[in-house]
Novice: 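Sharing a structure below in structure tokens format, with a few things to ask.
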There are 2 protein chains.
Amino acid sequence: MAELTPRKQQILATIIELYVATGEPVGSKAICSEMGNSVSSATIRNDMSDLVEIGLLEQPHTSAGRIPSQAGYRYYVDNLMTTYELGIEEQERIKIWLQSFSGEPDKLLEKAGAILAELTDCVAVSSSPSDSEAFIKRIELVPLSNHTAMIVLLATSGILKSAVVRSDTEINVDIAEVFYNITQSYFVGKNVSDITLTFIQTLVASLGDRVFIMSPFLCAISDLCEAVKTTELHLKGQSNILNHPELSDDAFRLMDFLHRGTPLESLLTSQKAPLNVAIGTENSYRELKNSTTIFSKYAVGDKDAGSIGIIGPTRLDYAKLIPSIKYLAGIIGSFLSETLDEE
Amino acid sequence: MAELTPRKQQILATIIELYVATGEPVGSKAICSEMGNSVSSATIRNDMSDLVEIGLLEQPHTSAGRIPSQAGYRYYVDNLMTTYELGIEEQERIKIWLQSFSGEPDKLLEKAGAILAELTDCVAVSSSPSDSEAFIKRIELVPLSNHTAMIVLLATSGILKSAVVRSDTEINVDIAEVFYNITQSYFVGKNVSDITLTFIQTLVASLGDRVFIMSPFLCAISDLCEAVKTTELHLKGQSNILNHPELSDDAFRLMDFLHRGTPLESLLTSQKAPLNVAIGTENSYRELKNSTTIFSKYAVGDKDAGSIGIIGPTRLDYAKLIPSIKYLAGIIGSFLSETLDEE
DNA sequence: CGTTAGCACTCTCGGTAGGTGAGTGCTAAC
DNA sequence: GTTAGCACTCACCTACCGAGAGTGCTAACG
């Protein structure tokens, strides 16, 4: 991108800020008065038509104001934008509100998504921590009734999963002991990716007659290990799509996209940079061609564990949203890492 | 409602079925051919204008076909409709798919809602079992790390809740024992409604120096008891609102209503009959004046524990949806009651 | 050469008019 | 009570007009 004169930069920034605020194409007069009438509207018109020329602005039709193009937003985000953070008291409120869920990663990410949706008026997507290289730290059996028990699995990367198992045989102290012996010797300390079907099968073969009692439990553990590796998504503020008129044509396709699951999941997992802003067709899915996605990874310890971010129209207050998302990702990471340290 | 001649009943039913299928106002000719030309279109026109007269039909404008009024749907549901059940193989699929969650009531209801949304193309709402008269059956402490532990609370009415607690002091065997002594003597067997703030306070007073260690746990238990009493809602298929053109004007208000929480909750809890069909303005919320709600309660043991149902347009295939919802409510009840029996 | 004033031009938007067709309501006959 | 015939109504579509906002261009200015 060629260098722009300072005035053109100022004009571009002004157009974007006005357009983001109003949603209306911005005319030369409006910019003129916004810039304190330091130059005439004719001058601005000249500059604007240059900006259209190089693709940073668009005009919906010949005789309307200008709106930013995707490239215009991109230039703004990369070069012009001056970000402004959340207020201190707002940061504190969020921190306190999230703290109560800091022990339960799934709930924490769900709530963080809800907060983000509220904060941004966009659809918020968050993924619970997952890690295919996580290690099993602990497995507990919690008897609930004579025939049901809860299995709780704690893994590295701040991951906690549980499931309820029903057994045909009565769950008593003996069975619990067998369970602990098996899990201690064969599961705890292992990488969750090693708990494959063949692993379970060879294990089962060596169990002798305890196999019948144990198999539902072993299956459950294998499911839990699978869950540790799997990205679990939380979607919040879906109704916010309807808040943005520029998305209303796509509303149905977007909703459908959000619920299809897999593409959204790969969207999150394919992020490479810690913070990723994809504007319009920069997104790899054509359903998002009129949308912007902003996602930030959060780390547990020093490992990326998941992401949180938003999907909204391209017309967004980038200067405000980007710091908010960064802040949330940071706080999630620190909460989840806390649990980790306390070994 | 005055008695209708058999032919008028047939005309009303035909109009409703055609209108439900196509969404277009139904003309006399269409009815005529649908009824096998047994009478002429003029005759049908006469009958139709009688049906408009008594309020069972409406005409969008003078020269369009007729559509059912709310009262028309009501008459159809009460008198004319012949319901048709889900296919056996579909019932089996649902059963098997839900079975795997039968131990975890919250997940079970969530999945049931997802299935219902899929099945009906409507927004599905389900509530996890809750019961302010439930008794605490069991409380377990699961140590996760030196400073965190999970508390699992099992109550009657098939309710299972858990939370993670962080403690400043190290969680060791001694503390676990103290925990078990306290919960066994003061909590297990009690009605969840008796675990009030004052109860906790008097208990704390009698604890002596163990209070500092125990208070986070006791707070968590009190929160869990609160959760047992609280209706937890699961919303699924929200994007289906956009599938129904007649709701698109209300889409935003509806979405907003769904997310406001409290009114939706009271909608579910205020249901008196086991199955409740509210058409249009029969709903107590004006946001739903163009919608139909169909909700069925499910029972755990012989006690109503929660509800499941849908919110959709008034133009619904009542004959198919009502049995589906009944079936799901029945299966949920039987799964949750199963766990109960196994004491 | 960058900047500015002036002015004709373009295009959207809202409102209005005429034509079309589906479906009705009424009347008179069966 | 039922039916055929026919005039009538009303939404929908298209075309058209006028107003207004904003531009693009040209010529003059410093």
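Order of the sequence lines fixes the chain letters, A, B, ..., with proteins taken first and strands second; residue numbering starts at 1 for each chain. Since we're looking at a predicted model, the values are computed, not measured.
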Novice: For the pair made of CD1 in A:I44 and P in C:dG2, what is the distance, rounded to whole Å?
Specialist: 17 Å
Novice: Is it true that the side chains of B:T43 and B:S40 contain a donor and an acceptor less than 3.5 Å apart?
Specialist: yes
Novice: Any idea which heavy atoms bring A:T281 and A:Q70 closest together, and the distance?
Specialist: OG1-OE1, 2.7 Å
Novice: Hey, where on DNA chain D does chain A first and last touch, going 5' to 3'? Cut-off is any atom under 4.0 Å from a heavy atom.
Specialist: D:dA21 to D:dG24
Novice: Between A:P25 and A:I67, what is the shortest heavy-atom contact and its length?
Specialist: CA-CG2, 3.7 Å
Novice: Under 4.0 Å from any atom of DNA chain C, heavy atoms only: list the residues of residues 11-41 of chain A that qualify, in numerical order.
Specialist: A:V39, A:S40
Novice: Is it true that a side-chain atom of A:S291 and a backbone atom of A:E287 form a donor plus acceptor pair closer than 3.5 Å?
Specialist: no
Novice: For residues B:N283 and B:T292, report the shortest heavy-atom separation together with the two atoms involved.
Specialist: ND2-CA, 4.3 Å
Novice: Between P on C:dT3 and CG on A:D50, what's the gap in Å once rounded to a whole number?
Specialist: 11 Å
Novice: Which residue pairs pass the salt bridge (charged side-chain N to carboxylate O under 4.0 Å, His left out) test with at least one member in residues 61-75 of chain A, sequence neighbours excluded?
Specialist: A:R74-A:D78, A:R74-A:E282
Novice: In dot-bracket, 5' to 3', how would DNA chain C read with Watson-Crick or G-U wobble pairs under 3.5 Å, [ ] for crossing ones and | for pairs to another strand?
Specialist: ||||||||||||||||||||||||||||||
Novice: Is the number of heavy atoms from other residues, nucleotides or ligands within 6.0 Å of CD (A:E90) greater than 12?
Specialist: yes
Novice: Describe the nucleic acid contact of B:A42 in one word from base, sugar-phosphate, nothing, applying a heavy-atom distance below 4.0 Å.
Specialist: base
Novice: Is there any side chain to side chain donor-acceptor pair (under 3.5 Å) pair reaching into residues 307-317 of chain A, and which pairs are they, with sequence neighbours excluded?
Specialist: A:Y84-A:D317, A:E246-A:R315
Novice: Could A:E110 and A:K236 be called an ion pair, given the rule that one side-chain N must be under 4.0 Å from one carboxylate O?
Specialist: yes
Novice: Measuring from atom CG of B:L12 to atom CD of B:E17, what distance do you get when rounded to the nearest 0.5 angstrom?
Specialist: 9.5 Å
Novice: Does the separation of the ring centres of A:F257 and A:Y285 fall below 6.0 angstrom?
Specialist: yes
Novice: Of all heavy-atom pairs between B:C122 and B:L316, which one has the smallest distance, and what is that distance?
Specialist: SG-CD2, 3.7 Å
Novice: Pairs under 3.5 angstrom, nitrogen or oxygen only, protein versus nucleotides 11-13 of chain C, please.
Specialist:
| unit_1 | atom_1 | unit_2 | atom_2 | d |
| --- | --- | --- | --- | --- |
| C:dC11 | OP1 | A:T62 | OG1 | 3.3 |
| C:dC11 | O2 | A:S63 | OG | 3.2 |

Novice: For a side chain to side chain contact (heavy atoms under 4.5 Å, CB included) with B:L18, tell me which candidate from B:I15, B:T14, B:I16 qualifies.
Specialist: B:T14
